[in-house]
Amino acid sequence: MPQKPTHKRPTKTPAKKGQISTFNVVLRVLHSLFLVAVSFLILGGALAAGIGVGYFAYLVEDTQTPTKKDLQKTLGEYSETSKLVYADNSNIATIRSDLMRTAVDTKDISDLLKKAIISTEDEYFYEHKGVVPKAVVRALLSEATGFGGGGGSTLTQQLVKQQVLTNETTFKRKANEILLAMEVEKFFSKDEIVTMYLNVSPFGRNNRGQNIAGVQEAAKGIFGINASDVNLAQAAYIAGLPQSPIVYSPYDNTGQIKENLSAGLKRKDFVLFSMYRAHAITKKEYEEAKAYDLTKDFIPQQAQDNSDHGFLYYTVLNEAKDIMANKLAEEDKVSAKEYQKDDVKAEYLAKAEDELVSGGYIVKSTIDKNIYDAMQQAVADYGYILDTPAGDTVEVGNVLMENGTGKILGFIGSRDFNSNQNNHVFDTARPAGSSIKPLLVYGPAIDQGLIGSESMISDYPTTWKAGDDAGGKIVNATNEGTKTFETVRDALNISSNIPAYHVYQELMAEKGQKIAYENYLSKMNFPAQDDWYAESAPLGPMDVSTLQETNGFQTLANGGVYQEGYLIESITDNEGNALYQHESKPVQVFTKETASIMNNLMRDIINNGLTSPFKSVLNGVNWYLGQADWVGKTGSSDGYKDSWLIVSTPSITVGSWSGIENNQVENDRGASTRTGTYMAYLINRIYNANPDIFALNDTFELADGVKQVEVATATGELPGKVKINGKEQTVPTQTATSLWSTGEPAKSTYKFGIGGTDDDYKDYWGKIFGNGTKNSSEKTDNKTDKEDADEKDKEADDDSSSSSSSKDNDEKTTPSSEADDKAAED
């Protein structure tokens, strides 16, 4: 039987089998490794992202997310130029600053400027929400490694950095910048953001060499036009400045145009190309603007105008600083006592100045521009009248105040600010002389009921009782006393020192040493000083400013109501909100009855002209103005070194001090005459500038409560009989109307007056009744009854003629012969 063929399977060689197995393993391993790597990448990325988010959260954990209101305030706090203005809102001056800035509304900024700045600084401005992530990563890598380009800040971030944060390059600041930028984008529109950016950014220097910020100042200071009116080339030039303002600015620090302008012009071309690349302008517009000769548009150098930085500028600014410093201290809850410490006050004044310089405030003054200008012209034209016969230059300070409000309408600081910067109204104080008598002596004495207008005071020679001058004679300007008793009215008319001395001594003895200062002067903000209580106080040794003295007479002219003189009406911020508004705080210092009596007395001083020719000169200069109801008082210090004249109508008060600052002039007896003449010319100039303020038809009237009592002119008391040497004598029958605020005159007595010794009374009664040892019922051996009666009547008439009475009873004032010597001197 045949055998079947045998078939054998091919067998694999060991080598091939091993190769296939290894390859499969490798593939599986690589696949696993790839999966592991991807897993690690995913986990690593997630971890990195988590770490990044966690780190970002750590960096901003202390940052409180601001509200829209917070951001509005912070982003709106431009360092903006502040202004001082007149009462009519016309400009006095901008407050001098190292940085000029004026913010404007978006409608006042050209769209070309907005397009230029966006194309150059933030091409994705309308797409992002405050930040561009890839740009932030690039910037962070650059800061971390030191390689690669910086940048990465959007316009929004730049705005936050300028207004909220600092320029330090730390991750924490950058993180806060990103967070706040996103908050800004949440609350504000794109147009609001770019407008804020253009209002705060620096733009180099203007043609005066001043640092400028904001596109309005840039357009005005470089091209002399508004930000709304720039052309394309001008817009591109301005938009290029913020990157390096001083380098690209066309001006140096003097305002002179630089010799080499290439840096700024190249930057302008770059901005134009950026606008073309961003399709903000066409190719034709790009080429035309690039070819435009911009150098012809640069305005020429102009000197900084400091002509307005005279007395008005510095006085208004200093008053505003005081107000602002007080406000800042109050906000910090600093006590009034603490604030008065020199170092504390200096600190807040410095803060106030910084705030005013850069806060964009409007400081509105009370100054009437026309009046102020007229006063400056008057002192320029007539100041020479004050100079001494020897040719010595006499300085002056004048202030005009509205009685009812205390508004300061105008002032003169000195003859010429350029030659003398001492402000003789606000900043210097001089001896008040006799000008203080109505405020310190007679006003308080009448108010306290010690005297009436016709009360009698001794003007017999007397001596000082205490101090270094004890035993020395008290003298008037040109004599040692008129050796008689005279009325309050007469004493004021000739400004006698001795009667004022006696009244003040009586006032202190009856009402307390400090009555005049504490009850009257302090309420009118006169400075505290020991001189108020001195024996010599009625002669005016105390130093006062022209403003303080004028404010005192304003009080009398205003019915006894003190309205503190003020210069600042309001301070408003850049949004028109009132940071400060003056509030009237009237103080009733004298009763209206006392004030009206004092005005009645001071009317005679001006009308009679015994101490000043003011009224007669004014009548000659402007008769109509001279018919106003003027009241006032003169004053001179020792040696006539200081001359005062303060006059009022029912509506205004004008004060004047003049004198030699170095006190080198002695016995300048013509000072009061020259002061009165100068004041007449000054007031006429003020009238020509604004006649309405004088209220020429108004008059000072006696208050309804004034007591008008008929008194004997010989005693100032009620008519009657007095005992002389034990015998009754009838007081001469001539009478006058005495004005009393409170109290009333007593019945005539032997010692009827204030002051005077026994010998003085004996002498006085002897002048009335002949020999002091005789009486009216006695006859001399060689006289008939008729001759005796005629002689007594004549003596009484002669005495009464030396006493003036009130204007109301139409008796003419006839001063004594010794008072005549005083004439026009105080």
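With sequence neighbours left out, the salt bridge (Lys or Arg N to Asp or Glu O under 4.0 Å) criterion links Asp191 to Lys114. For Phe426, the ring-ring contact (aromatic ring centres under 6.0 Å, His included) partners are Phe411, not counting sequence neighbours. Listed by chain and residue number, nothing satisfies the ring-ring contact (aromatic ring centres under 6.0 Å, His included) test with Tyr248 (two or more places apart in sequence, or in another chain). Not counting sequence neighbours, the partners of Tyr566 by the ring-ring contact (aromatic ring centres under 6.0 Å, His included) test are His582. With sequence neighbours excluded, the residues forming a ring-ring contact (aromatic ring centres under 6.0 Å, His included) with Phe417 are Phe311, listed by chain and number. Every side-chain contact (heavy atoms from CB on, under 4.5 Å) that Gln301 has, sequence neighbours left out, goes to Thr254, Gln256. Checked against salt bridge (Lys or Arg N to Asp or Glu O under 4.0 Å), Glu564 has no partners two or more places apart in sequence or in another chain. With sequence neighbours excluded, the residues that form a salt bridge (Lys or Arg N to Asp or Glu O under 4.0 Å) with Lys351 are Glu347. Under the salt bridge (Lys or Arg N to Asp or Glu O under 4.0 Å) criterion, Glu338 pairs with Lys341, not counting sequence neighbours. Not counting sequence neighbours, the partners of Asp692 by the side-chain contact (heavy atoms from CB on, under 4.5 Å) test are Asn690.
No donor-acceptor distance shorter than 3.5 angstrom exists from the side chain of Thr366 to the backbone of Ile568, with no hydrogens or angles considered. Judged purely by atom type and a 3.5 angstrom limit, Glu285 uses its side chain to pair as donor or acceptor with the backbone of Thr282. With hydrogens and angles ignored, the 3.5 Å screen pairs no side-chain donor or acceptor of Ser365 with any backbone N or O of Leu567. One N or O on the side chain of Asn326 and one on the backbone of Asp322 form a donor-acceptor pair closer than 3.5 Å.
For Asp342, the CG atom is loosely surrounded, since the number of other residues' heavy atoms within 6.0 Å does not exceed 12.
Checking each of Asp108, Thr102, Asn199, Asn226 against Gln216 for a side chain to side chain donor-acceptor pair (under 3.5 Å) leaves exactly one that passes, namely Asn226.
Using a 4.0 Å cut-off between charged nitrogen and carboxylate oxygen, Lys290 and Glu287 do not count as a salt-bridge pair.
Remark: the Ser584 side chain and the Gln563 side chain contain an N/O donor-acceptor pair separated by less than 3.5 Å. A donor atom on one side chain and an acceptor atom on the other are found under 3.5 Å apart for Thr156 and Glu185. Residues Asn420 and Glu395 have side chains that bring a donor and an acceptor to within less than 3.5 angstrom of each other. A donor-acceptor pair shorter than 3.5 Å can be found between the side chains of Asp332 and Tyr348. In this structure, a donor-acceptor pair under 3.5 Å is absent between the side chains of Glu192 and Thr195.
Among residue pairs with one or both ends in residues 359-377, those qualifying as salt bridge (Lys or Arg N to Asp or Glu O under 4.0 Å) are Lys369-Asp373; sequence neighbours excluded. Counting only residues at least two apart or in different chains, salt bridge (Lys or Arg N to Asp or Glu O under 4.0 Å) contacts with residues 263-278 comprise Glu121-Arg267.
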